[in-house]
Participant: 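Before I ask anything, let me first share the structure, which is written out below as structure tokens.
Because the structure is predicted, anything quoted here is derived from the model rather than measured. Just so it is clear: chains get the letters A, B, ... in the order the sequence lines come, proteins before strands, and each one is counted from 1.
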Protein chains: 2
Amino acid sequence: MAAKRSGAGSKQSRRKTPSPPAGPEPGNEPALSLERIVATAVELLDTDGLDGLKMRRLADRLGAGAMSLYWHVGNKEQVFDLALDSVLEYRGPAPIDTSKDWRGDVVHMLKDWRAGMLRHPWSAFLLPRRALGPNILARLELLSRTLSRAGVADADLNVAIWSLWNYVIGATTTRASFELSDEDRAAAQQRLASLSQHYPTIERSRLLLDNDWDGAFSKGLDFLLDGLVPKL
Amino acid sequence: MAAKRSGAGSKQSRRKTPSPPAGPEPGNEPALSLERIVATAVELLDTDGLDGLKMRRLADRLGAGAMSLYWHVGNKEQVFDLALDSVLEYRGPAPIDTSKDWRGDVVHMLKDWRAGMLRHPWSAFLLPRRALGPNILARLELLSRTLSRAGVADADLNVAIWSLWNYVIGATTTRASFELSDEDRAAAQQRLASLSQHYPTIERSRLLLDNDWDGAFSKGLDFLLDGLVPKL
DNA sequence: TGATGCACTCGTACAACGTACGATTAATTC
DNA sequence: GAATTAATCGTACGTTGTACGAGTGCATCA
């Protein structure tokens with residue numbers, strides 16, 4: 001019974017030459033690998049959504065048989081985990097760790113986080129329900145360090161971090177769920193308009209129809225930071 | 001071709017007597033109805049989670065054939081929508097609409113909202129990705145009215161509402177996803193502890209191990225409200 | 001040289017799922 | 001009684017994740 005290799009390493013093969021083994025397709029497909037699987041899964045998720053990712057379809061796109069994937073990953077859940085983490089990498093402007101503008105740094109990282117997830121809307125729904133991967137932990141670590149440097153008391157640090165986390169998660173999933181194809185958009189607006197009508201205050205403020213999402217995110221974030229760090 | 005009745009009404013049958021039609025079970029099961037279906041679906045979701053709800057199992061619990069459900073609901077998605085909305089009803093302390101303590105009212109409603117969702121953790125994951133139902137809209141309307149009465153400027157109202165929404169959604173889904181059976185808890189703690197170790201600031205603040213969720217929710221909410229309504 | 005084992009691929013098969021279809025039965029209305 | 005309607009449900013189909021085990025080519029060692 002093959003022990004698979006779903007253990008930990010997830011490294012490439014130890015073959016001398018990673019040259020294509022000249023399969024049925026004469027030198028066409030570039031050989032299966034964890035990296036290719038994850039990258040293709042992300043593509044598929046982007047185009048077809050969370051429900052659009054099927055193991056067979058993923059394998060097709062890779063020019064492989066469905067069961068070949070299972071040599072590289074343990075199961076479908078793991079594909080989700082890997083795809084999610086791959087989308088959350090942060091290449092921030094953090095070479096200088098002694099930046100003066102801590103607030104700017106925080107806002108930059110959080111906006112980048114949100115933007116990345118909105119580029120891959122499925123990730124917004126995935127993040128809150130899967131275990132934390134390395135890339136998101138790295139972001140939390142950065143956030144921790146920055147806030148700590150900014151003078152947030154240790155006793156308030158966790159509350160501050162979770163508050164910002166909550167805000168970003170909530171804002172992103174909500175935005176992502178309002179995202180629709182252009183055809184559906186009209187119908188959805190229609191539905192919301194007719195719903196609003198039974199809720200006068202909502203209707204007056206056009207809560208459900210306003211779509212300056214980016215502006216609302218920024219302003220709310222400012223309010224939250226005001227509350228979290230009132231000293232400055 | 002039966003037109004079904006998935007149209008709108010979702011009312012009970014127009015039969016004279018809703019007496020059990022004396023099916024195979026001699027007067028045992030109390031007859032199918034939308035209400036029973038939704039209530040049983042909630043039970044099933046509570047015990048078996050989002051993935052545990054299957055049409056066949058739901059029908060079994062109701063003492064009915066699987067396909068009988070489809071007379072009352074259009075499809076499984078609709079079952080989710082109905083179960084979700086049924087869990088979000090708010091019976092607030094709002095007979096007096098001229099309460100002096102607007103901040104207390106807001107906090108009460110939001111805490112009740114969160115508590116309700118945590119009693120049914122699946123609802124936390126469902127809410128952000130389904131269309132808004134009547135009960136959640138009613139909560140938003142109440143929130144709107146209260147904040148407006150509290151003196152939040154119309155221009156800031158939507159930002160304030162969405163900020164609170166984001167905060168509650170984020171806090172609740174996060175908390176719900178950390179919820180685990182007691183057996184898994186030890187393993188998860190272990191995993192988090194060993195993960196933390198590569199992230200020094202996170203480790204120092206015990207971000208992932210601290211579990212005073214309720215306290216963190218309250219404090220963060222206070223900070224947010226401080227930011228949103230600095231006047232008072 | 002041949003034999004052995006490892007890294008990897010994939011065809012087949014199965015159980016579980018949502019639900020289309022149409023037969024069936026019981027109540028209501030003419 | 002005949003026709004209509006409301007409701008139930010057995011059967012069947014297509015789709016999914018994945019268990020199982022056979023197959024293939026390479027590297028190593030005898």
Participant: Roughly how many Å is it from CD in Gln78(B) to C1' in dT19(C), rounded to a whole number?
Facilitator: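 One finds 14 Å between C1' of dT19(C) and CD of Gln78(B), rounded.
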Participant: Measure from CZ on Arg36(B) to C1' on dT8(D) and round the result to the nearest Å.
Facilitator: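 So the CZ-C1' distance, Arg36(B) to dT8(D), works out to 14 Å.
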Participant: Counting heavy atoms from C-beta on, name the nucleotide in dA7(D), dC8(C), dG17(D) closest to the side chain of Trp71(A).
Facilitator: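 Nearest listed nucleotide: dC8(C).
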Participant: Measure from CD1 on Ile37(A) to C1' on dC10(C) and round the result to the nearest Å.
Facilitator: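 Whole-Å distance recorded here is 14 Å.
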Participant: Would you please name every residue forming a ring pair (Phe, Tyr, Trp, His ring centres under 6.0 Å) with Trp165(A), sequence neighbours left out?
Facilitator: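 For Trp165(A), the residues satisfying ring pair (Phe, Tyr, Trp, His ring centres under 6.0 Å) (neighbours in sequence not counted) are Trp113(A), Trp162(A).
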Participant: May I ask you to evaluate whether Ser68(A) reaches the phosphate of dC8(C), defined as a side-chain N or O under 4.0 Å from OP1 or OP2?
Facilitator: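 Negative; the distance criterion is not met.
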Participant: When the ring centroid of Trp122(B) is compared with that of Phe80(B), is the distance short of 6.0 Å?
Facilitator: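 Ring-ring flag for Trp122(B)/Phe80(B): false, centres at least 6.0 Å apart.
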Participant: Output the residues of residues 39-54 of chain A in contact with DNA chain D, where contact means a heavy atom of the residue under 4.0 Å from an atom of the strand; sort by number or write none.
Facilitator: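 Under 4.0 Å from DNA chain D: Leu53(A), Lys54(A).
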Participant: Indicate whether OP1 or OP2 belonging to dA6(D) is found under 4.0 Å from a side-chain N or O atom of His72(B).
Facilitator: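 No, no such contact exists.
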Participant: Counting distance only, does the side-chain N/O of Lys54(A) pair as donor-acceptor with the main-chain N or O of Ala59(A) below 3.5 Å?
Facilitator: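 Side chain of Lys54(A) to backbone of Ala59(A): no pair is present.
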Participant: Using whole Å, report how far CG of Leu32(A) lies from C1' of dT9(C).
Facilitator: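 Computing the Leu32(A):CG to dT9(C):C1' distance gives 9 Å.
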Participant: Shorter than 3.5 Å, N or O on both sides, protein versus nucleotides 12-14 of chain D: list them out with atom names.
Facilitator:
none

Participant: Going from CD1 on Ile202(A) to OG on Ser196(A), what distance comes out if it is rounded to the nearest 0.5 angstrom?
Facilitator: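 Ile202(A) atom CD1 to Ser196(A) atom OG measures 6.5 Å (nearest 0.5 Å).
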Participant: Rounding to an integer number of Å, can you tell me how far Phe80(A) CZ sits from dT18(D) P?
Facilitator: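 Taking atom P of dT18(D) as the reference, CZ of Phe80(A) is at 10 Å.
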Participant: Looking only at atom types and distance, does a side-chain atom of Ser218(A) sit under 3.5 Å from a main-chain N or O of Gly215(A), one as donor and one as acceptor?
Facilitator: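 Side chain of Ser218(A) to backbone of Gly215(A): no pair is present.
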Participant: Indicate yes or no for a side-chain donor-acceptor contact from Tyr167(A) to the backbone of Phe217(A) under 3.5 Å, with no hydrogens or angles considered.
Facilitator: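 Confirmed, Tyr167(A) side chain pairs with Phe217(A) backbone.
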Participant: In this structure, how many angstroms lie between the C1' atom of dC20(D) and the CG atom of Leu69(A), rounded?
Facilitator: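 The distance from CG of Leu69(A) to C1' of dC20(D) comes to 17 Å, rounded to the nearest Å.
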Participant: What is the distance from OH of Tyr70(A) to P of dG17(D), rounded to the nearest Å?
Facilitator: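 Value for this atom pair: 6 Å.
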Participant: For Asp60(B) and dC17(C), give me the distance from atom CG to atom C1', rounded to whole Å.
Facilitator: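 Checked: the CG to C1' distance equals 14 Å.
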Participant: About how many Å separate OH of Tyr199(A) and OG of Ser205(A), when rounded to the nearest 0.5 Å?
Facilitator: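 Between Ser205(A) OG and Tyr199(A) OH, I get 14.0 Å after rounding to 0.5 Å.
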Participant: Return the nearest nucleotide to the side chain of Lys76(A); candidates are dT16(D), dC9(D), dT19(C).
Facilitator: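 Looking only at side-chain atoms, Lys76(A) lies closest to dT16(D).
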Participant: Heavy atoms under 4.0 Å, any strand shown: does Ala59(A) hit a base, just sugar-phosphate, or nothing?
Facilitator: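 Nothing, no heavy atom under 4.0 Å.
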Participant: From Gln78(B) CD over to Asp81(B) CG, what is the distance, rounded to the nearest 0.5 angstrom?
Facilitator: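 One gets 7.0 Å once the value is rounded to the nearest 0.5 Å.
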Participant: Please determine which of Arg91(B), Arg119(B), Arg139(B) meets the salt bridge (charged side-chain N to carboxylate O under 4.0 Å, His left out) test together with Asp112(B).
Facilitator: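 The passing option is Arg139(B).
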